[in-house]
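Only heavy atoms go into these numbers, but all of them, side chains included; no hydrogens, no water, no symmetry mates. Proteins come first, then strands; the chains are lettered A, B, ... in the order of their sequence lines, and each starts at number 1.
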Protein chains: 2
Amino acid sequence: MASPTEENYLKALFNLANEQGELSLSDLANQVQVSLPTANSMVKSLRRQNWVHYEKYKPLTLTEEGKAMAISIIRKHRLTEMFLLKMMNFGWEEVHEVAEQVEHIHAPKFFERMDEILGYPSVDPHGSPIPDRHGNLEKQSFQPLTVVLPGQRAKLHALTNSSTAFLAYLNSKALTLGSSIEIISIEQFDQSRVVRYTGHPTETLTEKVCERLLVQLEETSS
Amino acid sequence: MASPTEENYLKALFNLANEQGELSLSDLANQVQVSLPTANSMVKSLRRQNWVHYEKYKPLTLTEEGKAMAISIIRKHRLTEMFLLKMMNFGWEEVHEVAEQVEHIHAPKFFERMDEILGYPSVDPHGSPIPDRHGNLEKQSFQPLTVVLPGQRAKLHALTNSSTAFLAYLNSKALTLGSSIEIISIEQFDQSRVVRYTGHPTETLTEKVCERLLVQLEETSS
DNA sequence: TTACAAAGTTAGTATATTCTAACAAATTTG
DNA sequence: CAAATTTGTTAGAATATACTAACTTTGTAA
Ligand SMILES: [Mn+2]
Ligand SMILES: [Mn+2]
Ligand SMILES: [Mn+2]
Ligand SMILES: [Mn+2]
């Protein structure tokens, strides 16, 4: 049985493997916010439990068992976020912090019931896919808003960051999942985007923000 | 910030203080299911944090702060049990185990929302009172079924044990909170009770079971 | 290809939580 | 009261999780 700490490491490893191919110790240390030696000794302990493959100075891999555990934790996290949003009147900017704790609860029925009550949702409040009960996790192919050219429109489908601060910022701009965003222009100076979207006057978004908005290009029916 | 472990000790201390007046180390060790030296060293650590008053060889007392923390954990536990029962279709025999974990989540809003959604319930699924948001905890004055004499009836209001095994046993006997129980006779041999209750044929309950059933005497309108 | 930087490892330390063994104090009992 | 029992304490050890300091390995860049 993994401790909450170990579970957080497994989740971090899984997410890193998806973003980059390689799993380095320093990325892990960074993600989990611990020192390199701490990550090093934890990885040894995870290896002892057959959750990661690891040899000195070599990159890390999750074992099949480790991967399955990570997916199960991610499932619990995302179901919780959805449950808080839909059934308990939380805002999308509040759910991540609570889910970070609830994901460590060992009670399969608790999460099965959430899933049932929610009607088996496929994505969480930030657009990330929810693994099904069998551990199948849909792969998404959205691109950051930064790849969209002036004159094109794209629909906001997901985010690469679900911190309270970022989501509160999106709230203040009334940007929600599903918004159809048109790029008006890109400032040469700082790469910031002038955009227009569903029922809103012109807005400016910094490049940093655009990088975190995952979109799908829409046919420009001109 | 108390760890889940520390929170379980605080809760145990509070419950012991209510059942007995005195708080002894061995009772604590027993309740939390650890060795005496473990309880001893934990109590020292709780004292460092000003959650208990404690001197070598003297009985223990919770500080005001410790008491408030214990009540808050109990509130979270009981609200969770009620939420699982009413909103997530759990049986009353399943809720305690999950609540034992959920009670350690630090997210006031999560529990406030449960309270709201449930309509501010006053008791949990096992009849124990739920402290309000200000830490007020209603005192109950129910008595164990063992004090009821043959010929008298009493209504089942609460339980002193909410283990899955005990509740599954009550389920099998169709005994629920609210049942009106009449004591037919008491076996001299083993103190077991022959009883009759709401829509049921005669049943026999051992003394051990009767001790755990908290009732209020009903006027015998003969 | 050496030299420097980045990444990873080891050693040593700290706190939290738990144990057993050995001993001491307090309480109960004959 | 003295002996026996119960209760509480200390010492010493183990595991989990974290740190800093010092060192080694690997990879890159001159
Ligand atoms: Mn999240
Ligand atoms: Mn977490
Ligand atoms: Mn309970
Ligand atoms: Mn608990």
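- Within the cation-pi definition used here (under 6.0 Å to the ring centroid, within 45° of the axis), Lys109(B) qualifies as a partner of Phe90(A).
- Considering only side-chain N and O atoms, Thr38(A) lies nowhere under 4.0 angstrom from the phosphate OP1 or OP2 of dT17(D).
- Rounded to whole Å, the distance from CZ on Arg48(A) to C1' on dT17(D) is 12 Å.
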Using a 3.5 Å cut-off and no angle test, enumerate the donor-acceptor pairs between side-chain atoms of residues 68-82 of chain B and protein atoms at least two apart in sequence or in another chain.
{"unit_1": "Arg75(B)", "atom_1": "NH1", "unit_2": "Asp115(B)", "atom_2": "OD2", "d": "3.3"}
{"unit_1": "Arg75(B)", "atom_1": "NH1", "unit_2": "Pro131(B)", "atom_2": "O", "d": "3.0"}
{"unit_1": "Arg75(B)", "atom_1": "NH2", "unit_2": "Glu112(B)", "atom_2": "OE2", "d": "3.0"}
{"unit_1": "Arg75(B)", "atom_1": "NH2", "unit_2": "Asp115(B)", "atom_2": "OD2", "d": "3.0"}
{"unit_1": "Lys76(B)", "atom_1": "NZ", "unit_2": "Glu103(B)", "atom_2": "O", "d": "3.2"}
{"unit_1": "Lys76(B)", "atom_1": "NZ", "unit_2": "Ile105(B)", "atom_2": "O", "d": "3.0"}
{"unit_1": "His77(B)", "atom_1": "ND1", "unit_2": "Glu103(B)", "atom_2": "OE1", "d": "2.8"}
{"unit_1": "His77(B)", "atom_1": "NE2", "unit_2": "Glu81(B)", "atom_2": "OE2", "d": "2.8"}
{"unit_1": "His77(B)", "atom_1": "NE2", "unit_2": "His96(B)", "atom_2": "ND1", "d": "3.1"}
{"unit_1": "Arg78(B)", "atom_1": "NH1", "unit_2": "Pro129(B)", "atom_2": "O", "d": "2.7"}
{"unit_1": "Thr80(B)", "atom_1": "OG1", "unit_2": "Lys76(B)", "atom_2": "O", "d": "2.6"}
{"unit_1": "Glu81(B)", "atom_1": "OE1", "unit_2": "His126(B)", "atom_2": "ND1", "d": "3.3"}
{"unit_1": "Glu81(B)", "atom_1": "OE2", "unit_2": "His96(B)", "atom_2": "ND1", "d": "3.3"}

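- Here CG of Asp190(B) is found 9.0 Å from OG1 of Thr204(B). Values are rounded to the nearest 0.5 Å.
- The side chain of Tyr9(B) contributes an N or O atom lying less than 4.0 Å from OP1 or OP2 of dT18(C).
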Thr5(A) and Asn8(A): CA distance, side-chain angles, deciding distance, side-chain hydrogen bond (donor to acceptor under 3.5 Å, both in side chains) verdict: CA-CA 5 Å; Thr5(A) 307; Asn8(A) 285 336; 6.0 Å; no
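- Side-chain nitrogen and oxygen atoms of Ser35(B) include at least one within less than 4.0 Å of the OP1 or OP2 phosphate oxygen of dC19(C).
- If you check every strand for non-hydrogen atoms under 4.0 Å, Thr5(B) touches sugar and phosphate atoms only.
- For the pair Met1(B) CE and dA16(C) P, the interatomic distance rounds to 15 Å; values are reported in whole Å.
- Put simply, NE2 on His104(A) is 16 Å from C1' on dA16(D), counting in whole angstrom units.
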Show me the protein contacts with nucleotides 5-12 of chain C, counting only N or O atoms at under 3.5 Å.
{"unit_1": "dG8(C)", "atom_1": "OP2", "unit_2": "Ser26(A)", "atom_2": "N", "d": "2.9"}
{"unit_1": "dG8(C)", "atom_1": "OP2", "unit_2": "Ser26(A)", "atom_2": "OG", "d": "3.0"}
{"unit_1": "dT9(C)", "atom_1": "OP1", "unit_2": "Tyr54(A)", "atom_2": "OH", "d": "2.9"}
{"unit_1": "dT9(C)", "atom_1": "OP1", "unit_2": "Tyr57(A)", "atom_2": "N", "d": "2.9"}
{"unit_1": "dT9(C)", "atom_1": "OP2", "unit_2": "Asn40(A)", "atom_2": "ND2", "d": "2.1"}
{"unit_1": "dT9(C)", "atom_1": "OP2", "unit_2": "Tyr54(A)", "atom_2": "OH", "d": "3.2"}
{"unit_1": "dT9(C)", "atom_1": "O5'", "unit_2": "Asn40(A)", "atom_2": "ND2", "d": "3.2"}
{"unit_1": "dT10(C)", "atom_1": "OP1", "unit_2": "Lys56(A)", "atom_2": "NZ", "d": "2.9"}
{"unit_1": "dT10(C)", "atom_1": "OP2", "unit_2": "Lys44(A)", "atom_2": "NZ", "d": "2.8"}

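- Annotation: salt bridge (charged side-chain N to carboxylate O under 4.0 Å, His left out) contacts involving residues 207-217 of chain A, sequence neighbours excluded, are absent.
- In terms of the salt bridge (charged side-chain N to carboxylate O under 4.0 Å, His left out) criterion, residue partners of Glu116(A) (sequence neighbours excluded) are, by chain and number, Arg113(A).
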Show every donor-acceptor pair shorter than 3.5 Å between a side-chain atom in residues 158-167 of chain A and any protein atom, with sequence neighbours excluded, or say none if there are none.
{"unit_1": "Asn161(A)", "atom_1": "OD1", "unit_2": "Ser163(A)", "atom_2": "N", "d": "2.8"}
{"unit_1": "Asn161(A)", "atom_1": "OD1", "unit_2": "Ser163(A)", "atom_2": "OG", "d": "2.8"}
{"unit_1": "Ser163(A)", "atom_1": "OG", "unit_2": "Phe166(A)", "atom_2": "N", "d": "3.2"}
{"unit_1": "Thr164(A)", "atom_1": "OG1", "unit_2": "Glu93(A)", "atom_2": "O", "d": "3.1"}

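- Taking a cutoff of 4.0 Å between a charged side-chain nitrogen and a carboxylate oxygen, Glu100(A) and Lys11(A) qualify as a salt bridge.
- Annotation: proximity of residues 11-22 of chain A to DNA chain C (heavy atom, distance under 4.0 Å) is found for no residue.
- Rounding to whole angstrom units, CG of residue Leu46(B) and P of dT18(C) are separated by 11 Å.
- Atom OG1 of Thr146(B) and atom CG of Leu213(B) lie 9.0 Å apart (nearest 0.5 Å).
- Nucleotide dT15(C) holds its C1' atom 12 Å from the CE atom of Met42(B), rounded to whole Å.
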